[in-house]
Amino acid sequence: SSIGGHTASHPALNHVSENRFNDEINGCITKLQSMIHRDIHHFAFPYGSSNETGNREIDLISNYHFKTVFMANGGCITKNNMQYSNKLPRVYLHE
């Protein structure tokens, strides 16, 4: 099993500066790694739709070299969208 990051305080990342973006990602990685004593290889954008995540955010997250990065645009992971490991779909689950 694995645990992925989701930022330190869950902001819409397209509304934060590049410095805050990096603080959010680094803060999340640091906290999770200190808790589980393992590297973090996966990330899900907060909210994750195209309303909160655009080309700038996808470009910035690529600096972290996560194995997978998830958006919230719904759908299943297929052979066609696997080529874009920096914006895989995910399904929102709630109670």
Side-chain angles (χ1 to χ4, degrees):
S1 68
S2 62
I3 293 180
H6 197 55
T7 69
S9 68
H10 204 271
L13 291 173
N14 65 339
H15 293 144
V16 302
S17 69
E18 186 173 335
N19 285 339
R20 170 123 185 253
F21 181 100
N22 290 316
D23 289 346
E24 288 287 334
I25 305 304
N26 289 322
C28 172
I29 291 170
T30 300
K31 184 173 183 174
L32 287 174
Q33 286 178 336
S34 72
M35 293 170 69
I36 66 170
H37 307 289
R38 295 174 67 185
D39 290 336
I40 305 302
H41 299 288
H42 310 282
F43 180 81
F45 280 107
Y47 309 103
S49 77
S50 58
N51 294 327
E52 302 85 24
T53 308
N55 290 334
R56 180 193 81 130
E57 292 73 41
I58 291 169
D59 288 344
L60 289 173
I61 204 68
S62 68
N63 294 323
Y64 291 89
H65 306 288
F66 289 113
K67 289 181 181 177
T68 57
V69 175
F70 293 87
M71 303 281 287
N73 51 358
C76 297
I77 296 173
T78 66
K79 183 175 139 182
N80 290 336
N81 62 25
M82 276 299 294
Q83 63 186 323
Y84 305 107
S85 63
N86 62 347
K87 54 181 182 176
L88 293 168
R90 75 179 193 255
V91 176
Y92 174 67
L93 299 175
H94 61 90
E95 294 183 281

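Minimum interatomic distance between C28 and A8 (heavy atoms only, all atoms of both residues): CB-N, 3.8 Å. The two residues I40 and Q33 have their closest heavy-atom pair at N-NE2, 3.6 Å. For the pair E57 and L13, the tightest heavy-atom approach, listed with the atom from each and the gap, is OE2-O, 3.7 Å. Scanning both residues, N14 and R56, for their nearest heavy atoms gives CA-NH2, 4.0 Å. For the pair P11 and T7, the tightest heavy-atom approach, listed with the atom from each and the gap, is CD-OG1, 3.6 Å. Shown here for E52 and A12, the closest heavy-atom pair between the two residues is CG-CB, 3.9 Å.
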For a ring pair (Phe, Tyr, Trp, His ring centres under 6.0 Å) check, start with the C-alpha distance between Y47 and F45, then their side-chain angles and the critical distance, and finish with the verdict. CA-CA 6 Å; Y47 309 103; F45 280 107; over 10 Å; no
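Using a distance-only test at 3.5 Å, with no hydrogens or angles considered, a donor-acceptor pair links the side chain of S34 to the main chain of K31. A side-chain donor-acceptor contact under 3.5 Å links H6 to the backbone of A44.
Here H42 pairs with T68 under the side chain to side chain donor-acceptor pair (under 3.5 Å) rule; sequence neighbours left out. Scored by the salt bridge (charged side-chain N to carboxylate O under 4.0 Å, His left out) test, E24 finds R20 as partners (sequence neighbours excluded).
Atom OG1 of residue T30 and atom CG of residue D23 lie 10.0 Å apart, to the nearest 0.5 angstrom. In this structure, CG on N22 lies 7.5 Å from CG on N63, to the nearest 0.5 angstrom.
Here the side chains of Y64 and I29 are in contact, with some heavy-atom distance below 4.5 Å.
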